[in-house]
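Worksheet: one structure, shown below.
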Amino acid sequence: MSRFWVDTVRALQPYVPGEQPASRDLLKLNTNEHALPPSDLVMAAIHSVGPEELRRYPEPTSLGLRQAIAEREGLDPDQVFVGNGSDEVLAHLWLAFLSGRSVATLDITYGFYPVWAELYQSDLHLCPLLGDFSVDVTALEQVGTAVVLPNPNAPTGRALTVHEVEQIVSADDQRLVVVDEAYFGFGAPTAAPLIARYDNLIVTRSLSKSHALAGLRVGFALACADLIEGLNRVKDSFNSYPLDAVAQAAATAAILDEAWLEAASQSVKESRSLLESGLLAMGFEVQPSEANFIFTRHPQLNGERLFESLREADIIVRRWSGERIKDWLRISIGTLTQSEQLLATLRHIVASKAG
Ligand SMILES: *Cc1c(COP(=O)(O)O)cnc(C)c1O
């Protein structure tokens with residue numbers, strides 16, 4: 001703390017991301033990175049960026065990338081906003097539409113939302129998840145404030161149907177609904193088709209998880225053109241060039257390679273099924289997941305000790321200390337081999353603890 005810190009910065013409790021360990025010998029299942037490497041076409045696009053494109057500033061609005069996204073989603077390029085990771089898109093969106101206002105989110109959800117609420121002085125209302133960790137749709141319909149929620153939710157992995165999202169959006173067109181689709185592509189339906197009919201809906205996406213590009217930092221928002229214009233006003237008051245030339249080329253190639261997305265998502269779903277049935281066979285409880293992670297607990301095992309036992313076996317997963325979820329672990333989906341390795345280690349731990 002320095003005497004120069006302003007009050008907002010003194011009060012901030014920044015988001016703490018999952019650990020990025022230097023050692024490569026760990027089985028890293030803690031930050032929901034994709035199990036597979038990105039598309040070869042993405043690597044080729046990165047290599048195709050020449051010195052002239054690096055000497056110059058990049059295209060400030062990422063037009064080529066926005067066109068590729070718009071085409072895929074059946075929208076116009078002026079209904080697409082891109083940013084340096086969806087966290088940046090969400091931060092801009094919070095400043096543009098939610099700062100100083102009342103916002104509802106879930107009590108168990110993405111830990112960044114309370115940070116933006118604090119940074120941008122929103123009054124944050126937490127809607128409790130139901131007993132089985134499903135989202136209380138009726139409560140969100142009636143809450144009377146803007147709503148921000150991930151679909152599927154993190155860290156539970158449970159998803160709402162498009163009909164349920166539409167119930168929340170259509171309940172009151174005077175309030176904004178933000179659907180964070182960071183885990184797009186792993187089975188949950190997208191709310192993007194609703195954008196044609198609702199001007200109070202914003203859908204955000206990320207290339208970090210679905211496209212195996214967490215290191216590239218590209219995310220986007222889909223909404224009616226007036227909302228996108230609001231986001232552009234914030235962006236152009238902050239950083240005119242959030243996406244560098246390499247990121248624009250690589251992200252465009254990633255969006256165009258629909259065959260990669262299909263095959264890669266399929267392989268994550270297979271590994272997720274294997275992990276899920278292996279966990280159930282050992283007596284774990286598993287939340288139904290439509291994401292590239294699984295949220296699970298063992299009724300007889302303490303979550304913190306289980307986390308530590310995995311760590312001792314060089315496997316890192318994610319855990320939070322909140323009362324309702326302290327015994328639960330969020331495990332990212334790795335390759336089939338990695339899921340088998342994790343299951344073998346867990347069998348060993350469960351046998352030694354129960355025995
Ligand atoms: C990972 C994640 C993000 C951030 O994604 P980036 O595009 O990597 O910034 C946003 N929301 C949720 C729910 C996430 O899990």
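Computed from a predicted model, the values in this text were never measured in an experiment. Note that ligands are numbered from 1 as they come in the structure, with each ligand's atoms numbered from 1 the same way.
Per-residue contacts place Y183 under 4.0 angstrom from the following atoms of ligand 1 (heavy atoms of the residue considered): 14 (C), 15 (O). Residue G85 approaches ligand 1 through these ligand atoms, each under 4.0 Å from one of its heavy atoms: 7 (O), 9 (O). Those atoms of ligand 1 with a heavy atom of R217 less than 4.0 angstrom away are 6 (P), 8 (O), 9 (O).
Applying the salt bridge (charged side-chain N to carboxylate O under 4.0 Å, His left out) test to pairs two or more places apart or on separate chains, those with a residue in residues 320-330 are D107-R324, E323-K326.
When hydrogens are left out, the protein atom nearest atom 5 (O) of ligand 1 is S86 OG, 3.1 Å; that is the closest non-hydrogen contact. The single protein non-hydrogen atom nearest to atom 2 (C) of ligand 1 is K209 NZ, 2.4 Å, given as residue, atom name and distance. Shortest contact from atom 11 (N) of ligand 1 to any protein heavy atom: D180 OD2, 2.7 Å.
G219 does not count as a contact of ligand 1, since none of its heavy atoms falls under 4.0 Å from the ligand.
Summarising the geometry, atom CD1 belonging to I195 is positioned 8.5 Å from atom SG belonging to C224; distances are rounded to the nearest 0.5 Å.
Residues satisfying the side-chain hydrogen bond (donor to acceptor under 3.5 Å, both in side chains) test with D132, not counting sequence neighbours, are S134.
The parts of D87 lying near ligand 1 are both backbone and side chain, judged by heavy-atom distances below 4.0 Å. Of the heavy atoms in S208, only side-chain atoms (C-beta onward) come closer than 4.0 Å to ligand 1.
Of the N and O atoms on the side chains of E181 and T190, at least one donor lies less than 3.5 Å from an acceptor on the other residue.
Between R311 and E308, none of the side-chain N atoms (NZ, or NE/NH1/NH2) sits under 4.0 Å from a carboxylate O, so this pair counts as no salt bridge.
On a distance-only criterion, Y110 and ligand 1 share no N/O pair closer than 3.5 Å.
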Point to revise | Candidate pair W320 and I108, rule side chain to side chain contact (heavy atoms under 4.5 Å, CB included), full reasoning | key: CA-CA 10 Å; W320 292 268; I108 298 170; over 6 Å; no
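For W328 and F133, the distance between ring centers is under 6.0 angstrom.
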